[in-house]
Amino acid sequence: MDAKLDLPRIVSADDHVMEPPTLWQDRLPRKYLDDGPRVVRGPIQAMDPDSVGRPIGTDSTKRVHFDAGRPADIWLYESLRIPIWRTFGSVGMDRDDISITPMTYDEMRKGCYDREARLADMDANSVDASLCYPNMFVRFCGQTFSQAEDKDLAWLCVKAYNDWMIQEWAGPSGGRLIPLTIIPLWDVGLAVAEVERTAGLGSRAVAFSEIPSKLGLPSIHSGYWDPFFAVCQDTGTVINMHFGSASAFSTTSDDAPAAVLNSLTFLNPAMAVSDWVMSGLLLRFPGLKIVFGECNIGWLPYLLERMDIAWGENRGWTEVADLLPEPPSEIFRRQVHTTVFRDSHGMSSIGEIGVDNVMFEVDYPHTDSTWPGSMKLVEEYSHVMPAESLRKVVRGNAIRVFGLDLPA
């Protein structure tokens, strides 16, 4: 309990770690070092514009701010040139100073990439434990390696990232940093092998795409991913799908303000939740747990109601009459979990969603992060829900879902 506020200390189900600049250079075989991921510092304007990786959510250069002569740290990998974007390491910055601007590691809080500094920042924010997705280079479920040309090198990069995540980021943290691994999305057989390997090393959470078909991969309905779902069920590995892990974003047009996209971040998770619940997969894999990250929950009461209508009132033509023997909302409440941060509407209607299905998130170090004032938000939520329910959302549900060795 937080002694000052008499509120539960936080277990955050969605944070991110900025990949340390030497992660792969320290772990790849020598012959791959010149092609493997590495960081150089230089003036951004000296780069070929066509080779610059675009930040998530931008469809044109109009949203990118290039300051002539300003140094930036740039990830090099095969033909990719990906600057460090300020929006992905902006925690602690003034809101008006956050823009889609290239920057260096020296300009971000050390907690973005350094374990001990992160633990200190967690202490300052009353956070006991944190699940960290990859960040801007790897991308939220490892899309960067899936789209690489040299798949042998990409496979080594995936395993190197997972070894670092388990052994160096999470391992020495005393259980406070929860390991979250990635898979080789291009090969389901390798994905199965990697889940088995990382589960043997103690990891019980893996990142996956919210809508894999948007990445040019088979959909969850195809049957292609069934071996992956089966091994996750068998090893007790939770599948985590972050907003943006489809590398496709819902907006009205390419020339719409970025605020339109930012306002519609719930649309991808809404599609993904419907996809999973209506697929019948959760009935075929009844022991599987899935989590949707950075999606909030205010939209869920309507979606649950609408899915039940599609299943009950319109079952003659919606193709789920034989697939689902029970209402979709019941399937959701049994196996699906979501995260929440700034969503007072959702928290006030959490009884319609399921108090056991929602987990708090801090989203460190992104622009939406509530650090260092997350407990102030928790205090606000204490006025709209019972203390027992708040304890579950802020702490208990994540401990149960991820099997953490922490007091509930």
Side-chain angles (χ1 to χ4, degrees), residues 1-17 91 111 118-119 121-133 140 173 175-178 180 205 207 238 240-243 265-266 269 273 289-301 332-333 336-408:
M1 296 288 288
D2 184 283
K4 182 180 179 182
L5 298 176
D6 194 31
L7 293 169
R9 285 174 61 83
I10 297 165
V11 176
S12 176
D14 170 29
D15 292 309
H16 297 264
V17 56
V91 68
R118 173 64 66 92
L119 292 173
D121 279 353
M122 289 164 59
D123 286 336
N125 198 34
S126 295
V127 175
D128 263 0
S130 166
L131 179 85
C132 293
Y133 286 85
F140 298 157
S173 72
R176 299 188 63 192
L177 294 169
I178 307 162
L180 175 64
V238 182
N240 298 264
M241 294 165 280
H242 193 282
F243 163 75
T265 54
F266 68 93
V273 167
K289 297 176 186 175
I290 63 173
V291 175
F292 292 95
E294 199 169 328
C295 58
N296 278 316
I297 59 175
W299 47 275
L300 266 167
F332 171 90
R333 292 188 180 102
V336 182
H337 305 83
T338 63
T339 63
V340 66
F341 48 112
R342 290 188 177 94
D343 188 352
S344 57
H345 171 73
M347 291 294 272
S348 64
S349 57
I350 197 169
E352 302 172 50
I353 300 164
V355 72
D356 294 322
N357 300 86
V358 180
M359 298 181 286
F360 191 80
E361 66 163 276
V362 173
D363 197 29
Y364 185 112
H366 288 176
T367 60
D368 266 326
S369 177
T370 56
W371 187 92
S374 301
M375 287 306 296
K376 181 179 179 181
L377 192 60
V378 172
E379 185 181 16
E380 292 175 8
Y381 292 150
S382 71
H383 300 302
V384 300
M385 60 194 307
E388 182 181 355
S389 297
L390 183 65
R391 228 176 235 100
K392 286 185 175 183
V393 172
V394 173
R395 183 179 183 83
N397 289 340
I399 291 173
R400 171 178 51 82
V401 170
F402 296 111
L404 306 181
D405 186 17
L406 292 171

For the residue pair [X] and [Y], what are the closest heavy atoms and their distance?
| X | Y | result |
| --- | --- | --- |
| Leu131 | Ala13 | CD2-O, 3.5 Å |
| Ser389 | Val355 | CB-CG2, 3.4 Å |
| Val401 | Val238 | O-CG2, 3.5 Å |
| Ala129 | Ile178 | CB-CD1, 4.3 Å |
| Glu379 | His383 | O-CD2, 3.3 Å |
| Asp363 | Ser12 | N-OG, 4.3 Å |

Which value, rounded to the nearest 0.5 Å, describes the distance between [X] atom [atom1] and [Y] atom [atom2]?
| X | Y | atom1 | atom2 | answer |
| --- | --- | --- | --- | --- |
| Phe266 | Cys295 | CZ | SG | 11.5 Å |
| Leu7 | Lys376 | CG | NZ | 14.0 Å |
| Ile10 | Trp371 | CD1 | CH2 | 12.5 Å |
| Leu406 | Ile399 | CG | CD1 | 5.0 Å |
| Ile350 | Asn357 | CD1 | CG | 8.5 Å |
| Arg391 | Arg9 | CZ | CZ | 14.0 Å |

Inset, instruction - Please step through side-chain contact (heavy atoms from CB on, under 4.5 Å) for the pair Val362 and Val127, ending with a clear verdict. - result: CA-CA 9 Å; Val362 173; Val127 175; 4.0 Å; yes
Do [X] and [Y] come close enough that some side-chain heavy atom pair is under 4.5 Å?
| X | Y | value |
| --- | --- | --- |
| Met385 | Val393 | yes |
| Glu380 | Ser344 | no |
| Phe341 | Glu294 | yes |
| Phe140 | His16 | yes |
| Phe360 | Thr339 | no |
| Val394 | Val11 | no |
| Val358 | Lys392 | no |
| Asn240 | Tyr133 | yes |

Inset, instruction - Decide if the gap between the ring center of Phe292 and the ring center of His242 is smaller than 6.0 angstrom. - result: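 They do not qualify: ring centres at least 6.0 Å apart.
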Distance-only, no hydrogens or angles: does the [X] side chain make a donor-acceptor pair with backbone N or O of [Y] under 3.5 Å?
| X | Y | result |
| --- | --- | --- |
| Asp14 | Glu361 | no |
| Asp15 | Cys132 | no |
| Arg176 | Asp128 | yes |
| Arg395 | Pro8 | no |
| Ser369 | Val91 | no |

Inset, instruction - List the steps and the verdict of side-chain contact (heavy atoms from CB on, under 4.5 Å) for Phe402 and Met359. - result: CA-CA 11 Å; Phe402 296 111; Met359 298 181 286; 4.0 Å; yes
Inset, instruction - Let me see the working for Leu119 and Leu177 under side-chain contact (heavy atoms from CB on, under 4.5 Å), right down to the final yes or no. - result: CA-CA 8 Å; Leu119 292 173; Leu177 294 169; 4.1 Å; yes
Legend entry - Arg118 with Asp123: basic N within carboxylate O range, under 4.0 Å: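 So Arg118 does not pair with Asp123 through a salt bridge.
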Legend entry - Ion pair check, Asp356 and Arg333, cut-off under 4.0 Å: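 Result for this pair is no, no salt bridge flagged.
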Legend entry - Polar contact flag, side-chain donor to acceptor under 3.5 angstrom, Asn125-Ser374: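 Yes, side-chain donor-acceptor contact under 3.5 Å.
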Inset, instruction - Any pair with a residue in residues 339-354 that passes salt bridge (Lys or Arg N to Asp or Glu O under 4.0 Å), sequence neighbours left out, goes on the list, sorted by first then second residue, please. - result: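 The answer is none; no pair qualifies.
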Inset, instruction - Decide side-chain contact (heavy atoms from CB on, under 4.5 Å) for Ile290 and Met241; before the verdict, give the C-alpha distance in whole Å, the side-chain angles of both, and the deciding distance to 0.1 Å. - result: CA-CA 8 Å; Ile290 63 173; Met241 294 165 280; 3.8 Å; yes
